[in-house]
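Notes to accompany the following structure.
Remember, it's a predicted structure, so these values are computed and weren't measured experimentally. Residues take their numbers from the sequence shown, with the count starting at 1. Order of listing sets the numbers, starting from 1, for every ligand and every atom in it.
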Amino acid sequence: MLDLIVRRANVIHHKTPVDITCKDGKIVEIAANIEAQAIREIDAAGRLVTPPFVDSHFHMDATMSLGFPRMNISGTLFEGIEVWDELKSHLTVEKVKERALELLNWSIARGTLAIRTHVDICDPNLIAVDALLEVREEMKAYVDMQLVAFPQDGYLRSQGAVELLAKALEKGVDVIGGIPHFERTMADGTASIKALCELATKRGLLVDMHCDETDDPLSRHIETLTYEIQRLGLQGRVAASHLTSMHSMDNYYVTKLLPLMAEAQVNCVCNPHINIVVQGRQDNYPKRRGLMRVPELIESGINVSFGHDCVMDPWYPLGTHDMLEVAHVGLHCLQMTGVEQIRAMFDCITKAGAQTLCLEKYGLEPGCFADMVILQAADPVEAIRLQPTRLYVIRRGEVIAETAPLSVRVMLENKEVEVDFTRQDQPG
Ligand code: FE2
């Protein structure tokens with residue numbers, strides 16, 4: 001007896017609806033009309049069934065703290081950093097955990113079951129590190145959480161950060177972070193990348209740096225990062241987050257940079273919500289958008305995934321941790337409305353994210369974990385258009401979140417119509 005069968009699922013790369021059978025937390029078979037029985041059956045009725053959404057870049061230590069100890073009145077990055085500094089002195093393990101766990105309920109409800117979160121290690125007590133390590137452990141049955149040791153105030157610039165980062169890794173933080181553009185000089189930025197990549201090589205860990213998160217067209221730490229990846233053989237194991245300077249770089253230089261990035265197999269993580277509200281703030285009109293060059297990166301064969309970055313924290317007052325909203329915002333800010341481009345946006349919040357996080361057994365294939373989301377939408381384009389109800393969120397073959405389908409009644413003078421915003425028929 002199987003544990004679960006999802007019937008009539010619309011799965012990407014299958015031309016017609018298929019059944020998905022699951023046992024012992026794994027997918028057994030995907031085919032049409034499977035004759036088998038399971039403890040539970042769910043009829044997807046031709047709707048889209050996708051592997052879970054992946055958030056490649058988040059800050060769980062600050063999330064849900066909006067308004068504490070005060071609001072970011074101007075909405076700028078710099079005031080956000082001031083508020084975070086004030087908040088840091090109030091952090092307790094209990095409070096950080098409480099907020100993170102609340103956020104994770106939202107994430108699960110939205111079908112996001114893998115999250116890479118940076119955690120600020122520039123705190124002599126490493127309170128957020130301890131809190132998020134406990135959260136990772138308590139929630140591991142439901143969510144794959146990766147923690148990145150993030151020296152927010154600079155690896156070389158902030159006193160004690162070198163030791164604190166090592167201590168965070170000793171405690172069990174998964175990934176090595178950095179912030180080269182925030183070091184005192186370009187040379188220090190370069191030195192930080194070298195040291196952090198060498199540390200990753202020595203410890204056999206992944207790397208994810210906040211890289212060139214600035215409007216400065218000459219901030220080119222990504223070039224150093226690709227060089228270090230080549231030198232140390234870290235291909236595919238390093239992520240460059242934000243890369244907002246790339247928006248403003250000289251076009252000729254970018255033609256040199258893209259092949260170097262492809263050769264280094266660097267994973268690029270774009271954070272559309274935050275990049276669009278934070279970058280270009282010092283500009284008069286026209287104001288730069290400040291997002292990495294996603295269409296060109298994808299065309300160059302470089303893996304690009306998306307992150308939510310912030311939800312209700314000192315930098316961003318909105319959000320429900322919905323990765324479909326991230327794809328929706330990204331599509332607009334990047335002007336990626338071409339047919340293939342919209343599809344690529346869906347990949348940025350699913351399989352490309354899994355590649356960035358180096359997740360194993362991710363996807364809808366026999367042998368993969370039985371993790372999936374059934375959406376009230378027919379296909380990925382409709383999913384991005386509607387950001388629809390996540391009808392079922394399934395982890396290791398068990399339903400861990402369920403939402404009733406949206407159904408709205410419109411009452412006109414002589415008829416009543418049911419509306420759910422999906423389009424049933426193609427226009428004739
Ligand atoms: Fe970030």
Side-chain angles (χ1 to χ4, degrees), residues 54-66 72 75-85 87-88 100 103 107 112 115-122 128-129 132 145-155 158 161 165 168 173-183 189 192 196 206-215 219 221-222 225 238-247 266-279 281 290-292 304-319 321 323 326 329-330 333 348-349 353 356-357:
V54 179
D55 183 352
S56 300
H57 187 111
F58 197 66
H59 292 264
M60 211 177 284
D61 47 4
T63 195
M64 310 294 264
S65 66
L66 183 70
N72 174 351
T76 56
L77 171 67
F78 297 110
E79 191 176 341
I81 292 171
E82 282 171 29
V83 175
W84 174 237
D85 276 340
L87 175 62
K88 268 206 258 187
L103 184 279
S107 315
T112 301
I115 304 170
R116 174 177 281 182
T117 174
H118 296 252
V119 50
D120 187 356
I121 56 88
C122 295
V129 169
L132 293 185
M145 257 176 78
Q146 282 182 358
L147 302 188
V148 185
F150 174 46
Q152 169 94 60
D153 302 331
Y155 184 59
S158 173
L165 191 136
V173 169
D174 310 89
V175 181
I176 294 179
I179 186 162
H181 56 274
F182 195 70
E183 303 294 350
S192 75
L196 290 162
L206 303 175
V207 176
D208 189 333
M209 293 204 189
H210 283 64
C211 192
D212 300 323
E213 189 185 4
T214 157
D215 292 320
S219 184
H221 294 295
I222 181 61
L225 189 60
V238 175
S241 285
H242 292 292
L243 290 180
T244 55
S245 66
M246 195 186 209
H247 185 88
V266 63
N267 299 296
C268 296
V269 182
C270 180
N271 299 295
H273 281 84
I274 307 309
N275 300 151
I276 199 73
V277 298
V278 166
Q279 303 309 137
R281 284 274 179 153
L291 275 75
M292 66 173 71
V304 179
S305 60
F306 284 175
H308 208 309
D309 205 3
C310 302
V311 168
M312 299 187 75
D313 69 9
W315 295 277
Y316 186 67
L318 307 176
H321 207 227
M323 291 309 294
V326 173
V329 169
C333 298
C348 287
I349 57 167
T356 297
L357 270 62

Do Thr244 and Val278 touch side chain to side chain, with heavy atoms closer than 4.5 Å?
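They are not in contact (no side-chain heavy atoms under 4.5 Å apart), so the answer is no.
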Is the backbone of Asp120 close enough, under 3.5 Å, to the side chain of Asp61 for a donor and an acceptor to pair up by distance?
yes
Would His118 count as a contact for the Fe ion (ligand 1), in the sense that one of its N, O or S atoms lies under 2.8 Å from it?
no
Just wondering, is there an N, O or S atom on Cys310 that's nearer than 2.8 Å to the Fe ion (ligand 1)?
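So Cys310 does not count as coordinating the Fe ion (ligand 1).
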Test His308 against every option in His57, His59, His321 by the ring pair (Phe, Tyr, Trp, His ring centres under 6.0 Å) rule and name the one that passes.
His321
Taking the N/O/S atoms of Asp309 one by one, which is nearest to the Fe ion (ligand 1)?
OD1
Quick one: angle His59 NE2 - the Fe ion (ligand 1) - His210 NE2, to the nearest 10°?
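If I round to 10°, I get 90°.
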Shortest non-hydrogen contact between Phe306 and Gly330, atoms and distance:
CE1-CA, 4.2 Å
